[in-house]
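Here the structure comes first, spelled out in structure tokens, and everything after it is commentary.
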Amino acid sequence: MKVYHGRILSFEDPTSPREYGYMAVDDNGRIVSLSHERQDVGGEFVDYSGYLILPGFVDAHIHLPQFHRRAMISNSLLEWLERHIFPAEMKFSDPSLARNIAREFFSALLRNGTTTAAVYSSPHRESTNIAFEEAAKSGIRAVIGQVLMDMNGPEELLTTPEKAVEDIRGVASRWHGFDDRLFYAVTPRFAVSCSMALLKAASEIARRLNLYVQTHLSEQLGEIAEVMRLFPGFESYTEIYLRAGLLGEKTIVGHAIHLDDRERKLLAGTRTKIAHCPSSNFFLHSGVMDLEAHERFGLTIALGSDVGAGPFISMFNVLRDAYYANAMSPAKAFHLLTMGGARVLGMEDRIGSLEPGKEADFVVLNPGPLASIHDDLEVLLSRLMILGDERNVVATYVRGKRLWPS
Ligand SMILES: [Zn+2]
């Protein structure tokens with residue numbers, strides 16, 4: 001048993017954070033109790049007085065092979081992919097490069113307070129396997145999948161529906177459910193890169209093996225025009241995914257910017273989840289997602305960095321951009337980052353907030369020099385939301401184990 005002391009915050013309620021002074025965590029990494037006064041539960045005392053303790057950050061959309069291709073400006077999403085991203089992802093056919101970058105990537109996530117991430121790997125089976133190996137070693141919680149594409153890309157990155165299914169089976173059988181911490185996501189890149197046969201094969205195998213699905217939806221107007229040209233006879237981009245069988249409660253679509261209400265209804269009706277990626281949306285000038293309209297339809301929303309179209313691996317930067325995109329209280333922003341992330345991944349009964357019975361994924365933050373620990377909560381959270389960065393992260397814990405600093 002360990003008892004952590006600090007200014008402990010949890011964001012179950014988007015309008016008012018809960019605050020405690022003490023959190024007891026058992027040897028299995030499960031939260032036993034939260035309290036204002038120190039209780040006599042025994043165990044080791046870990047003193048973080050002067051620091052904030054928050055639920056671990058969830059990044060619901062990030063690309064591992066694009067980690068070193070951040071901040072490459074371009075005129076459009078499709079041009080950016082061709083010029084900067086496909087060449088970067090091709091290099092992941094080299095296992096030693098794939099391993100080095102994966103190691104660096106997971107360590108950077110933990111250093112920035114991200115305890116759970118939904119990760120797009122490269123279009124290679126082996127690099128995806130390596131990503132799982134490095135995630136397993138790092139201790140992070142993650143959902144990972146090999147990017148699938150069978151058209152409109154360089155030959156070396158293309159697969160076939162049959163090969164895609166074989167790759168997914170091979171990697172998912174080893175890693176899906178590993179340590180109850182790593183999971184497989186079937187990851188068709190987006191409709192521009194995938195034939196209907198590939199989208200259907202992807203959704204079938206995901207359903208059969210009960211895997212996650214992650215993909216991009218409705219990011220840029222030029223992309224949408226291209227999708228509608230490639231898939232004539234469909235009413236909308238969302239309808240293509242619906243008819244392929246890809247939408248559902250284990251599906252996370254990234255961006256979802258230029259949607260009409262019919263599409264919102266399709267997403268809500270299938271309980272499909274949304275990864276909101278405001279930093280990426282600003283960087284590529286994709287547009288601004290209408291958070292309020294999505295919420296009116298009851299859609300479940302998390303935040304994603306979308307590195308490398310998003311230039312920042314720190315979720316503080318994503319919080320700031322989420323605020324610029326849609327005005328919201330700091331408590332709401334931290335709610336989306338933590339509880340929203342957990343809900344989008346269907347993990348709300350084990351992570352996303354600090355509550356008894358949940359697993360102890362948390363970050364320890366030094367508010368200085370942005371604010372004083374004694375400041376009013378609104379001030380503290382507002383300063384962190386807009387100005388926070390990795391220098392504020394003192395320690396990162398997953399399941400009660402300190403993973404950073406290691
Ligand atoms: Zn993306």
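Start at 1 with the first residue, then count along the sequence. These numbers come from a predicted model, not from an experiment. In each ligand, atom 1 is the first atom listed, and ligand 1 is the first ligand listed. Heavy atoms only: backbone and side chains are in, while hydrogens, waters and symmetry mates are out.
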- prompt: Can a salt bridge be assigned to the pair Glu166 and Arg169 using a cut-off of 4.0 Å between side-chain N and carboxylate O?
  reply: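 A salt bridge is absent here (no side-chain N lies under 4.0 Å from a carboxylate O).
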query: Considering residues at least two apart in sequence or located in another chain, which fulfil the ring pair (Phe, Tyr, Trp, His ring centres under 6.0 Å) criterion with Tyr120?
result: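 Listed in chain order: His61, His63, His216.
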Set of residues satisfying ring pair (Phe, Tyr, Trp, His ring centres under 6.0 Å) with respect to His276, sequence neighbours excluded: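 Partners of His276 by the ring pair (Phe, Tyr, Trp, His ring centres under 6.0 Å) criterion come out as none, since no residue qualifies.
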message: Before we go on, tell me: are the rings of Tyr48 and His5 under 6.0 Å apart, centre to centre?
response: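 Here the rings of His5 and Tyr48 have centres that are no less than 6.0 Å from each other.
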Ser286 and Gln220 side chains, donor-acceptor separation under 3.5 Å: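 Checked: Gln220/Ser286 side chains pair up, N/O donor to acceptor below 3.5 Å.
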- prompt: What protein N/O/S atoms are found closer than 2.8 Å to the Zn ion (ligand 1)?
  reply: His61 NE2, His63 NE2, His216 NE2, Asp306 OD1
message: I need the full list of ring-ring contact (aromatic ring centres under 6.0 Å, His included) pairs touching residues 305-333, with sequence neighbours left out, sorted by first then second residue.
response: Phe57-Phe316
